Amino acid sequence: EVPRGSRCHDGRLRLLLRVRAALVLFVSTRGAAGTLLLDFDPTSLGQNSTHQPTNYSVWRWSTTGGHNATMVLSNGSRGTQVDFGVGYCEYNASGGPGGHNPYPPTHDVFGCYRSELSLQRAIQDMVIDWQPGVGSSVRWFGLALLLPKSYAWDTLAPNNGPSFQIHDGNGEGYKGLHPILELTAVQDRWTLTTSHGHGEDPNRDTFDLGPTRPGLWEDWVIRTQFSPLAKGLLEIWRNGVNVLPTVLVANAYNDTRHPYIKFGVYKAAWKVHQGYRVRRAALSYAAFRVGDEHATYAEVSTAPTGLRL
């Protein structure tokens with residue numbers, strides 16, 4: 001469905017394109033160059049009577065642990081939001097005490113540790129361009145996320161798992177590696193980690209972005225250009241404050257396929273069973289936007305209008 005274009009206040013022509021009636025792409029012409037803006041609306045996931053998402057023609061839910069992993073839609077102060085949750089479980093073959101995991105551990109199912117959302121691959125490849133040996137064009141990411149008031153971290157697994165991730169494309173020789181970009185809560189701090197290099201032990205750079213604020217919405221804007229060379233770009237705003245000025249750094253593997261986005265809860269430590277004190281991880285999203293190299297901060301910011309720069 002392609003509605004007729006309408007003129008914006010600055011005279012640019014704006015077209016509204018609907019991909020499979022669920023994902024909304026806004027394309028603006030700026031002379032010969034167009035601006036790609038992807039605006040994630042939680043309602044595009046669909047919803048049944050029990051608030052479970054129903055539309056998987058565009059979205060893909062990655063989960064482990066059966067009923068211990070959840071993804072539901074709810075209404076909050078920001079409107080419709082997506083609530084991700086995972087409860088730790090131990091596998092007990094006898095089905096006795098502690099046997100909460102309905103699946104025996106295998107190469108694919110180690111326990112309950114994941115509830116993440118991503119776009120279907122065909123759509124992902126339209127979001128971040130990629131040239132092997134060079135990298136991507138500049139991309140802007142805007143997201144509104146909420147750690148619950150009950151957020152707590154465990155000394156046995158200080159990386160809580162709620163996160164926004166961009167993975168390499170899983171091309172030949174680059175499967176199962178650390179994300180090339182990961183915004184996550186580590187203990188009581190927000191951090192952003194990038195990865196590059198080769199093999200399963202890549203070079204990683206971590207940036208501290210300040211204390212967590214459980215129970216409060218956070219609006220993040222990330223401006224980046226992925227590159228396996230030392231000319232990758234990274235800049236971050238948190239609630240309108242530039243918490244990481246522009247840095248140039250290698251921030252991608254030399255993969256052959258496009259990077260892709262995932263967000264939600266990923267508690268990798270729970271693949272190994274221990275006496276964890278904290279046994280629940282959760283995170284909510286209310287908005288997610290992507291802009292290309294022609295986009296601006298204002299176009300991707302998810303903050304309410306009065307709070308934007």
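The first residue in the sequence is number 1, and the count goes up from there. Bear in mind the structure is a predicted one, so any value in this text is a computation, not a measurement. Heavy atoms only: backbone and side chains are in, while hydrogens, waters and symmetry mates are out.
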Peer 1: Start with the C-alpha distance between Thr80 and Asn75, add both sets of side-chain angles, then the distance that settles side-chain contact (heavy atoms from CB on, under 4.5 Å), and finish with yes or no.
Peer 2: CA-CA 5 Å; Thr80 303; Asn75 292 318; 3.5 Å; yes

Peer 1: Do Asp205 and Val247 have side-chain heavy atoms sitting under 4.5 Å apart?
Peer 2: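 Sidechains of Val247 and Asp205: no contact.
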
Peer 1: Going by heavy atoms in the side chains, are His196 and Asn251 under 4.5 Å from each other?
Peer 2: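 No. Closest side-chain heavy atoms not under 4.5 Å.
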
Peer 1: How about Asp83 and Ser284: does a side-chain donor come under 3.5 Å of a side-chain acceptor?
Peer 2: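 Yes, a side-chain donor-acceptor pair sits under 3.5 Å.
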
Peer 1: Taking 4.0 angstrom as the limit, do Arg139 and Asp129 come out as a salt bridge?
Peer 2: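 Yes.
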
Peer 1: Any chance you could measure Arg213, atom CZ, to Arg238, atom CZ, to the nearest 0.5 Å?
Peer 2: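 Going from the CZ atom of Arg213 to the CZ atom of Arg238 covers 6.0 Å.
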
Peer 1: Less than 4.5 Å apart, any side-chain heavy atom of Asp188 and any of Pro211?
Peer 2: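 The answer is no, as the side chains (C-beta and beyond) never meet within the 4.5 Å cut-off.
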
Peer 1: Taking all atoms of both residues into account, what is the closest heavy-atom pair of Gln124 and Ile261, and its distance?
Peer 2: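 In terms of heavy atoms, the two residues are closest at NE2-O, 2.9 Å.
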
Peer 1: Are any non-hydrogen side-chain atoms of Gln274 and Tyr88 less than 4.5 angstrom apart?
Peer 2: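 Of all side-chain heavy-atom pairs linking Tyr88 with Gln274, none is under 4.5 Å.
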
Peer 1: Same cluster or not: are Val134 and Ile166 linked, directly or through other Ile, Leu, Val, Met, Phe, Trp or Tyr residues, by side-chain heavy atoms under 4.5 angstrom apart?
Peer 2: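 No; Ile166 is not reachable from Val134 via cluster members.
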
Peer 1: Check whether Arg60 reaches the backbone of Glu116 with its side chain - one donor and one acceptor, N or O, closer than 3.5 Å.
Peer 2: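 No; zero donor-acceptor contacts below 3.5 Å.
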
Peer 1: Which of these passes ring pair (Phe, Tyr, Trp, His ring centres under 6.0 Å) with Phe164: Tyr285, Trp220, Phe288, Trp190?
Peer 2: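 Looking at Tyr285, Trp220, Phe288, Trp190, the match for Phe164 under the ring pair (Phe, Tyr, Trp, His ring centres under 6.0 Å) is Phe288.
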
Peer 1: In Å, rounded to the nearest 0.5 Å, how long is the span from CG of Asp255 to CD1 of Ile180?
Peer 2: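 Rounded to the nearest 0.5 Å, the CG-CD1 separation comes to 8.5 Å.
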
Peer 1: Of all heavy-atom pairs between Val221 and Ser301, which one has the smallest distance, and what is that distance?
Peer 2: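 Looking at all heavy atoms of both residues, the shortest contact is CG2-CA, 3.9 Å.
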
Peer 1: Taking Arg78 first and then Asp219, would you say they form a salt bridge - that is, a charged N and a carboxylate O separated by under 4.0 Å?
Peer 2: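 Counted as a salt bridge, because a side-chain N and a carboxylate O are separated by less than 4.0 Å.
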
Peer 1: Under a 3.5 Å cutoff, is there a donor and acceptor pairing between the side chains of Glu235 and Thr246?
Peer 2: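 Short answer, yes.
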
Peer 1: Treat each ILVMFWY residue as a node, draw an edge where side-chain heavy atoms are under 4.5 Å apart, and state whether Val265 and Val82 are in one component.
Peer 2: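 Yes, Val265 and Val82 fall within the same hydrophobic cluster.
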
Peer 1: Run the side-chain contact (heavy atoms from CB on, under 4.5 Å) test on Leu234 and Phe207 for me, step by step, so that the C-alpha distance in whole Å, both residues' side-chain angles and the decisive distance to 0.1 Å come before the verdict.
Peer 2: CA-CA 11 Å; Leu234 183 61; Phe207 305 90; 3.8 Å; yes

Peer 1: Are Asn239 and Glu218 packed together at the side-chain level, in the sense that at least one heavy-atom pair is separated by less than 4.5 angstrom?
Peer 2: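 When only atoms from C-beta onward are counted, Glu218 and Asn239 do touch, with a gap below 4.5 Å.
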
Peer 1: Would Leu248 and Lys231 count as a side-chain contact (heavy atoms from CB on, under 4.5 Å) if you check the C-alpha gap in whole Å, the side-chain angles of each, and the deciding distance to 0.1 Å?
Peer 2: CA-CA 5 Å; Leu248 299 179; Lys231 62 178 183 178; 5.8 Å; no

Peer 1: Measure across Pro53 and Val72 and return the closest heavy-atom pair with its distance rounded to 0.1 Å.
Peer 2: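 It is CD-CA, 4.1 Å.
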
Peer 1: Give a yes or no on whether Leu216 and Trp237 share a hydrophobic cluster (residues Ile, Leu, Val, Met, Phe, Trp, Tyr; joining criterion: side-chain heavy atoms under 4.5 Å apart).
Peer 2: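 No, separate clusters.
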
Peer 1: Report yes or no: does Gln187 contribute a side-chain atom to a donor-acceptor pair with the main-chain N or O of Trp153 at less than 3.5 Å?
Peer 2: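 Side chain of Gln187 to backbone of Trp153, a donor-acceptor pair under 3.5 Å: no, none is there.
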
Peer 1: Can you list everything that forms a ring pair (Phe, Tyr, Trp, His ring centres under 6.0 Å) with Phe84? Sequence neighbours excluded, please.
Peer 2: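 Listed in chain order: nothing, the list is empty.
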
Peer 1: Look at the side chain of Asp154 and the backbone N and O of Val278, then say whether any donor-acceptor pair between them is shorter than 3.5 Å.
Peer 2: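 Looks like yes, one N/O pair under 3.5 Å.
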
Peer 1: Between Leu233 and Tyr253, is there a shared hydrophobic cluster once you connect ILVMFWY residues whose side-chain heavy atoms come closer than 4.5 Å?
Peer 2: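 Shared cluster, no.
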
Peer 1: Classify the ring geometry of Tyr297 against Trp140: parallel below 30°, tilted from 30° to 60°, perpendicular beyond 60°.
Peer 2: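 The arrangement is perpendicular - the two ring planes meet at more than 60°.
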
Peer 1: Do you know which two heavy atoms are closest between Gly85 and Ser115, and how far apart they sit?
Peer 2: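 That closest heavy-atom pairing would be O-CB, 3.7 Å.
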
Peer 1: Could you tell me if the side chain of Gln81 sits less than 4.5 Å from the side chain of Trp217, heavy atoms only?
Peer 2: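 The answer is yes; the side chains approach within 4.5 Å.
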
Peer 1: What pair of heavy atoms forms the shortest contact from His294 to Glu299, and how long is it?
Peer 2: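 Residues His294 and Glu299, closest heavy atoms: O-OE1, 4.3 Å.
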
Peer 1: How long is the gap from OG1 on Thr302 to CZ on Phe141, to the nearest 0.5 Å?
Peer 2: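 Rounded to the nearest 0.5 Å, the OG1-CZ separation comes out at 14.0 Å.
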
Peer 1: Is there a side-chain contact between Leu183 and Ile236 (heavy atoms, below 4.5 Å)?
Peer 2: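 Not in contact.
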
Peer 1: From Leu119 CG over to Asp125 CG, what is the distance, rounded to the nearest 0.5 angstrom?
Peer 2: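 Taking CG in Leu119 and CG in Asp125, the distance rounds to 10.5 Å.
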
Peer 1: Hey, what do you get for OG1 (Thr63) to CG (Leu117), rounding to the nearest 0.5 Å?
Peer 2: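 One gets 11.5 Å once the value is rounded to the nearest 0.5 Å.
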
Peer 1: Looking at Ile128, is its backbone amide N or carbonyl O close enough to the side chain of His258 to form a donor-acceptor pair, meaning the two atoms are under 3.5 Å apart?
Peer 2: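 Yes; judged by distance alone, with no hydrogens or angles, the pair exists.
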
Peer 1: Hey, is the main chain of Pro214 close enough, under 3.5 Å, to the side chain of Thr212 for a donor-acceptor pair?
Peer 2: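 Checked: no pair found.
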
Peer 1: Arg204 versus Glu182: any side-chain heavy-atom pair under 4.5 Å?
Peer 2: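 Arg204 reaches Glu182 side chain to side chain.
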
Peer 1: Got a second to check how far Ser118's OG is from Gln165's CD, nearest 0.5 Å?
Peer 2: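 CD of Gln165 is found 10.5 Å from OG of Ser118.
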
Peer 1: Show your working on side-chain contact (heavy atoms from CB on, under 4.5 Å) between Val86 and Trp270 and close with a plain yes or no.
Peer 2: CA-CA 10 Å; Val86 176; Trp270 285 354; 3.8 Å; yes

Peer 1: Should Met71 and Phe263 be regarded as members of a common hydrophobic cluster, given that ILVMFWY residues are connected when their side-chain heavy atoms come within less than 4.5 Å of each other, either directly or indirectly?
Peer 2: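 Yes.
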
Peer 1: Is a donor from one side chain sitting under 3.5 angstrom from an acceptor on the other, for Thr206 and Thr193?
Peer 2: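 Present: a donor and an acceptor within the cut-off.
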
Peer 1: Tell me if a side-chain donor or acceptor on Gln225 pairs with a main-chain N or O of Ser136 at a distance below 3.5 Å.
Peer 2: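 Yes: the side chain of Gln225 pairs with the backbone of Ser136.
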
Peer 1: Of all heavy-atom pairs between Ala157 and Ala269, which one has the smallest distance, and what is that distance?
Peer 2: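 So the minimum-distance heavy-atom pair works out to CB-CB, 3.6 Å.
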
